[in-house]
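Working notes, beginning with the structure itself.
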Amino acid sequence: MHRIIYNYEATFLFFLGFILIISCSSDKENRTTEVISPNKKVKVQFLLSATKQPSYTVRFKNETVIDTSKMSFDLQNALSLKGNFEILKTTTNAFNETWKMVWGEDEEVVNQYNSLKIELQETSTLKRKINIIFKVYDDGIGFRYEFPKQENLSEVVITDENTEFNLTGNHKTWWIPGDWDIYEYLYTTSPFSKINAFKDYIPGSHLGQTYIPENAVNTPVTMKTDKGLYLSFHEADLTDYAEMTLAVDTVNYNMKSELVGNAKGKKVIRKTPFETPWRTIQIAEKPGDLIESKLIVNLNEPNTVDDMSFFKPTKYVGIWWDMHIGTGNWDYAGENHSANTKYAKELIDFASENNIHGMLVEGWNIGWEQWWDKKAKKVHFDFVTPYPDYNLKEVVAYGKSKNVELIMHHETSADITLYEKQLDTAFALMKDLKIHAVKTGYVGSVIPEGEYHHGQFMVNHFQKVLEKGIENGVAINAHEPIKATGKRRTYPVAISREGIRGQEYNAWSEDGGNPPEHLTIVPFTRMLAGPIDYTPGIFNTSLKPYKENNQINTTLAHQLALYVVIYSPVQMVPDLIKNYKNNPAFQFIKDIGVDWKKTKVLDAEIGEFITVARQEKSTENWFIGGITDENARVVKVKLNFLVPNKTYTAKIYKDKLDSHYLHNPEVYEILEQDVNSKTILELNMAAGGGFAISLIPKN
């Protein structure tokens with residue numbers, strides 16, 4: 001019996017190997033032109049059109065998700081790579097691994113896909129070659145272009161990449177304009193046919209750093225089909241290439257890649273061989289599955305940093321909110337200059353007493369006078385010289401004595417020429433003082449002129465900063481950044497970034513700040529790209545007496561919940577010390593973790609509400625956060641993810657029945673009860689409200 005089974009298996013393996021050899025051969029009768037996900041639900045088909053132009057389709061459960069979509073490039077000097085291709089060879093492969101995050105939403109990540117590589121060559125005399133690689137996962141796809149080294153295509157100047165995404169209907173879409181300079185917009189919810197990137201667009205707004213050349217959206221852009229399927233379009237591993245926005249055809253429900261260029265009209269300049277970033281489509285049957293997906297990080301290369309022990313995920317306080325509400329200045333102005341030694345030590349003391357191990361000082365260095373206006377600016381930033389009232393070395397030493405690490409700050413005003421001249425000395429100072437994190441900033445129009453924040457020039461600049469971070473043991477939290485594309489897997493020094501309309505808009509925006517729905521959309525759009533430094537945790541949501549005409553459009557319980565809902569390995573505790581002292585709600589901020597073993601989205605509907613649970617990596621503690629839009633609602637929270645037959649103490653911070661983000665935002669109640677995996681909690685959220693829960697195992 002054993003002998004017969006053995007021979008059967010051997011024969012099966014022989015024929016399987018024979019089939020694989022045939023499928024990968026250059027024989028035109030046996031080319032493989034489709035690839036299916038491991039669970040058989042997602043299928044990509046590649047084809048050549050009548051003009052021999054590459055194109056693809058995507059199906060989910062035998063329903064077309066992306067209809068026939070063309071793929072081509074326009075190159076400098078009226079050259080193009082569009083048609084007249086033949087397939088030389090196709091190769092398929094199956095891959096499955098589990099890798100560990102240095103820090104992240106989950107300790108372990110499964111990376112399983114089936115791939116298809118198509119090698120193409122022009123039938124014309126030039127015989128130029130290009131390869132297209134598809135990776136098909138259970139939760140979506142990624143594909144990229146590969147330009148092999150070749151005699152007739154040594155330097156490539158791309159003036160347009162024409163990757164299409166042909167939709168199958170007028171999907172509900174959550175989008176922001178395809179601005180080449182900034183992402184700090186509120187998300188619009190509309191049918192695809194109603195996308196208008198120019199609506200409410202004011203050239204020169206946002207501190208003079210905005211440019212929208214056509215009707216396009218930035219990615220991630222997320223959609224819901226009529227059949228209830230969720231799609232999100234983005235890119236992964238953006239390296240030495242221009243960012244991709246998506247130009248929209250609102251009549252034919254089509255999107256086409258529109259790369260960010262420069263004043264010379266050049267989008268990308270590369271020498272062969274090279275690869276483009278991955279173009280990604282996440283596919284989910286529930287909105288929470290988009291968040292739990294690891295498609296974007298999986299499409300990046302493994303970790304290249306041998307030792308990340310210098311960085312520990314942490315909460316941090318800072319001299320930041322003072323400037324936004326007017327209790328302090330960035331520039332040196334006597335008593336009102338916030339970045340002084342005395343105040344820094346007060347913050348360090350407060351952090352040390354409350355399980356907070358980081359402290360950020362903004363406005364510490366020479367050059368903040370008229371920092372936003374480079375034409376009027378007389379003193380340029382110096383990234384090693386502090387103002388007279390701030391003793392950098394003393395503050396660092398004091399922090400270390402209290403187990404609080406200083407976070408350095410570099411605001412560049414987007415003067416890249418100046419900053420790159422000082423990169424070596426600036427990072428050498430941090431290495432010398434054993435400062436292991438820096439928050440960078442890029443407010444304003446880019447110098448050199450003619451470059452945009454999201455073009456190839458700036459993509460390469462951000463890469464330089466990451467490499468300096470690796471060289472000097474410094475983690476990077478970038479503001480006004482290039483969007484995240486999963487590079488944190490390869491370079492875990494890329495700990496967080498802004499790239500969002502953040503908390504500060506609530507303090508100084510003339511349009512009323514961020515509405516309650518803002519952060520019920522962000523987890524399904526911007527956060528799919530990577531960690532967000534949003535700065536939650538403002539307790540004085542009325543902003544009185546500092547900003548009489550502004551307020552934060554959430555309840556205090558909503559602010560607590562954001563520490564769970566919005567992910568970052570560095571979470572700021574930004575409000576003034578006096579607003580936290582003697583406030584029982586502050587206990588949740590003291591208890592909350594920042595590095596996670598597991599993440600689960602318990603329930604959600606984009607733009608309405610979301611409930612997230614995360615388990616702390618170093619303990620068995622769980623934390624839950626839930627937020628809602630401007631509508632009050634009651635939600636049921638099932639705790640079936642807890643260890644069975646184990647009792648936990650649940651401490652619940654929630655809105656009171658009379659809470660309301662406009663009229664009564666700072667009232668809340670704290671409840672405590674024993675729970676287990678069979679418990680279902682029924683919780684009310686006020687308009688603009690939320691709840692936060694800590695779950696600590698008993699005994």
Side-chain angles (χ1 to χ4, degrees), residues 97-111 236-237 291-316 355-360 403-405 407-408 435-440 462 465-467 469-470 472-479 481 484-499 523 526-536 562-573 589 591-601 612-623 625:
E97 69 170 355
T98 298
W99 56 276
K100 287 195 172 186
M101 285 185 147
V102 176
W103 48 264
E105 305 94 318
D106 294 275
E107 188 171 29
E108 292 188 338
V109 176
V110 175
N111 183 19
D237 191 12
I291 296 172
E292 293 184 22
S293 167
K294 295 298 182 293
L295 178 74
I296 303 301
V297 287
N298 274 331
L299 286 167
N300 281 262
E301 295 299 314
N303 180 14
T304 60
V305 183
D306 295 330
D307 183 9
M308 275 293 296
S309 61
F310 59 84
F311 170 71
K312 297 287 188 289
T314 190
K315 289 164 279 190
Y316 68 99
N355 193 31
I356 299 169
H357 300 292
M359 197 274 290
L360 169 74
N403 196 28
V404 176
E405 294 278 339
I407 298 174
M408 180 55 80
I435 297 173
H436 295 300
V438 61
K439 173 182 170 182
T440 57
F462 284 111
V465 175
L466 289 181
E467 290 168 2
I470 295 169
N472 294 278
V474 177
I476 314 299
N477 174 11
H479 281 228
T485 59
K487 291 175 76 70
R488 59 186 170 124
R489 180 188 180 189
T490 314
Y491 307 101
V493 291
I495 53 172
S496 194
R497 65 190 73 199
E498 189 189 35
R526 161 66 182 86
M527 200 172 80
L528 299 181
I532 304 171
D533 191 25
Y534 183 80
T535 60
L562 294 179
Y563 284 98
V564 188
V565 173
I566 301 298
Y567 172 67
S568 177
V570 285
Q571 290 278 29
M572 193 173 194
V573 184
I589 295 179
D591 292 340
I592 182 75
V594 280
D595 198 16
W596 306 109
K597 184 176 183 179
K598 294 178 185 176
T599 290
K600 295 181 177 294
V601 181
V612 179
R614 302 188 195 269
Q615 185 183 28
E616 193 173 12
K617 187 182 286 185
S618 58
T619 70
E620 296 182 53
N621 301 340
W622 282 86
F623 298 88

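Please read these numbers as outputs of a predicted model, since none were measured by experiment.
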message = The criterion is side-chain contact (heavy atoms from CB on, under 4.5 Å); which residues satisfy it with Asp106, sequence neighbours excluded?
response = Lys294, Lys598, Thr599
ask   = Partners of Tyr316 by side-chain hydrogen bond (donor to acceptor under 3.5 Å, both in side chains), sequence neighbours excluded?
value = Asp533
All side-chain contact (heavy atoms from CB on, under 4.5 Å) counterparts of Glu301, not counting sequence neighbours = Thr490
request  = Without swapping roles, check the side chain of Tyr563 against the backbone of Pro536 for a donor-acceptor pair under 3.5 Å.
outcome  = yes
message = Contact between Val564 and Ile592 at the side-chain level, heavy atoms closer than 4.5 Å - yes or no?
response = yes
inquiry  = Could you check whether any side-chain heavy atom of Met308 comes within less than 4.5 Å of a side-chain heavy atom of Val493, counting everything from C-beta outward?
reply    = yes
side-chain contact (heavy atoms from CB on, under 4.5 Å) against Ala494, all qualifying residues, sequence neighbours excluded = Leu466, Arg497
message = Just to verify, what does Thr98 make a side-chain contact (heavy atoms from CB on, under 4.5 Å) with, not counting sequence neighbours?
response = Glu108, Val110
inquiry  = For Asn111, give me all partners under side-chain hydrogen bond (donor to acceptor under 3.5 Å, both in side chains), at least two apart in sequence or on another chain.
reply    = Glu97, Tyr137
ask   = Who pairs with Arg526 by salt bridge (charged side-chain N to carboxylate O under 4.0 Å, His left out), at least two apart in sequence or on another chain?
value = none
Sequence-distant partners of Asp595, side-chain hydrogen bond (donor to acceptor under 3.5 Å, both in side chains), two or more places apart = Lys617
task = For Ser496, check side-chain hydrogen bond (donor to acceptor under 3.5 Å, both in side chains) against everything at least two apart and list the hits.
result = Ser568
ask   = Quick check: does any side chain N or O of Trp103 sit under 3.5 Å from a backbone N or O of Pro492, one acting as donor and the other as acceptor?
value = yes
message = Holding to ring pair (Phe, Tyr, Trp, His ring centres under 6.0 Å), I want the full list of residues that pass it with His436, two or more places apart in sequence or in another chain.
response = Phe310
message = Just to verify, what does Glu292 make a salt bridge (charged side-chain N to carboxylate O under 4.0 Å, His left out) with, not counting sequence neighbours?
response = none
message = Taking salt bridge (charged side-chain N to carboxylate O under 4.0 Å, His left out) as the definition, give me every residue that meets it alongside Glu107, ordered by chain and number, with sequence neighbours left out.
response = none
